[in-house]
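A note on names: the letters A, B, ... follow the listed sequences, proteins ahead of strands, and every chain is numbered from 1.
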There are 2 protein chains.
Amino acid sequence: MLYVYTCNLHQHLKVMGLEEEIKQKEFKNKQQRAFLNLIFTAGHLSLAQTRFFKPYHLSAQQYNVLRILRGQNGNPVTIGLIQERMLDIQSNASRLIDKLEEKNLVIRIVCPKDKRQMDITITNDGLEILKELDDKLDSNESGIILTDEESDILNDLLNKIREKK
Amino acid sequence: MLYVYTCNLHQHLKVMGLEEEIKQKEFKNKQQRAFLNLIFTAGHLSLAQTRFFKPYHLSAQQYNVLRILRGQNGNPVTIGLIQERMLDIQSNASRLIDKLEEKNLVIRIVCPKDKRQMDITITNDGLEILKELDDKLDSNESGIILTDEESDILNDLLNKIREKK
DNA sequence: CTATTTTATATGTATATACATGTAATTAAT
DNA sequence: ATTAATTACATGTATATACATATAAAATAG
């Protein structure tokens, strides 16, 4: 018999939370467990980020683009470079810039030396939003409450994971 | 003057890859650096996952649902429980089950004891796909090449991050 | 026992994402 | 110099996601 009616069983299962769950069986090895934990935790933090930026009508990716632009100190940056430097790879820099342009946070002009390229620059409005966010986005809000040492270890492990590929 | 035409500068910027980039300035502190690295790395791995599952016409989330169902050894599970146990929180279990049902990987029936609930069960087709994937999804494919010890450390750090909230 | 509240799931909507394809400008080839 | 190949960016499409709202069943209140 393929399926049994055991609604009452659900009560029992609900008792163990996600934290218990992730620590548990169904993992081939420690590597897979860490991997799934990574995806899971990043999902959590990513959601927290989304909600954090929402009042500013920004997505996390849009914020990242603004940060990249600010990092250039007024020098224009191409779509391609933004694409390369963005935290989420292979996303659509073009459309992200659309959104930021609509909000007057960036300016997009055709690069005169190569008309295929677009030169993107952050506006004063963009800089102001970043300034506001700088104050709010301290380590507490970012959701990481590790010591400096732990942060370094985590950072190194993540680098090791990425560099493999 | 707000924007300068410096297309040539891009060449220079492109030289440093993402790996260099993430290690660098623009971070308030080690915590924020680790946080952004986490989002970034998880994005990488998540993309790798997406591509890994694509030939099977599954998303990573759909795979996770199937794993949860298999874990119940044939006992049905409600939408709500799936929602709770899924690795990506707050996603739409209802629509995930839609997709899996279309592919005949799960069966959805109204729970007779509580007609609001749906009892979801994995089918033999679903179990077979999982079996195929089990073989492919070894630690190598999952993108983590840490030692056991490192995996444990990473796991602990991630738990610490999540538990804070 | 009827009305209200709560719960479980489904659906609508706006935005995001992955990926394929399109288009125009530049570079390379002959 | 003209054609072909490459590059930079934009757009179309299918799917995913966050969140608000809807619907129907069950629990609770009076």
Selected nucleotide, minimal atom distance to [X] side chain, candidates [options]:
{"X": "B:Asp114", "options": "D:dA25, D:dC9, C:dA10", "value": "D:dA25"}
{"X": "A:Asn92", "options": "D:dG12, D:dA16, C:dA10", "value": "D:dG12"}
{"X": "B:Leu47", "options": "C:dC19, C:dA10, D:dC19", "value": "C:dC19"}
{"X": "B:Lys115", "options": "D:dA25, D:dA8, D:dG12", "value": "D:dA25"}

[atom1] of [X] versus [atom2] of [N]: gap in Å, rounded?
{"X": "A:Leu96", "N": "C:dT15", "atom1": "CG", "atom2": "P", "result": "14 Å"}
{"X": "B:Gln61", "N": "D:dA18", "atom1": "CD", "atom2": "C1'", "result": "12 Å"}
{"X": "B:Gln83", "N": "C:dA10", "atom1": "CD", "atom2": "P", "result": "10 Å"}
{"X": "B:Phe53", "N": "D:dT15", "atom1": "CZ", "atom2": "P", "result": "18 Å"}
{"X": "B:Ile79", "N": "C:dT11", "atom1": "CD1", "atom2": "P", "result": "11 Å"}
{"X": "A:Leu81", "N": "D:dT7", "atom1": "CG", "atom2": "C1'", "result": "15 Å"}
{"X": "A:Leu100", "N": "C:dT15", "atom1": "CG", "atom2": "P", "result": "14 Å"}
{"X": "A:Gln117", "N": "C:dA24", "atom1": "CD", "atom2": "P", "result": "18 Å"}

5' priority, DNA chain D, between A:Lys54 and B:Lys99 [closest heavy atom] |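 Final value for this comparison: B:Lys99.
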Residue pair A:Thr50/A:Arg95 against DNA chain D: nearer the 5' end by closest nucleotide is A:Arg95
Take the C1' atoms of the five end pairs on each side of the helix from C:dC1-D:dG30 to C:dT30-D:dA1, derive the two axes, and give their angle rounded to 10 degrees.
->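 Inter-axis angle at the ends, rounded: 10°.
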Working for side chain to side chain donor-acceptor pair (under 3.5 Å), residues A:Asp125 and A:Asn104 | CA-CA 7 Å; A:Asp125 282 6; A:Asn104 298 312; 5.5 Å; no
Looking at A:Lys99 and A:Gln62, what are the two nearest heavy atoms and their distance?
-> CB-NE2, 3.5 Å
For the pair B:Gln72 (side chain) and B:Leu69 (backbone), establish whether a donor and an acceptor sit closer than 3.5 Å, ignoring hydrogens and angles.
->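 Checked: no pair found.
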Sequence neighbours left out, what passes salt bridge (charged side-chain N to carboxylate O under 4.0 Å, His left out) with A:Asp152? Give chain and number order.
->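 Counting only residues at least two positions away or on another chain, A:Asp152 forms a salt bridge (charged side-chain N to carboxylate O under 4.0 Å, His left out) with B:Lys30, B:Arg33.
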First encountered from the 5' end of DNA chain C, between A:Gln62 and B:Ala93 | B:Ala93
Could you verify whether a donor N or O on one side chain and an acceptor N or O on the other, from B:Arg162 and B:Asn159, lie under 3.5 Å apart?
-> yes
Does the side chain of B:Leu66 reach to within under 4.5 Å of the side chain of B:Leu58, using non-hydrogen atoms?
->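 Touching, per the 4.5 Å side-chain cut-off.
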Is there a side-chain contact between B:Glu101 and B:Ile107 (heavy atoms, below 4.5 Å)?
->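 No, too far: nothing below the 4.5 Å cut-off.
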With no angle test and no hydrogens, is the base of C:dT9 tied to the side chain of B:Arg116 by a donor-acceptor pair under 3.5 Å?
-> no
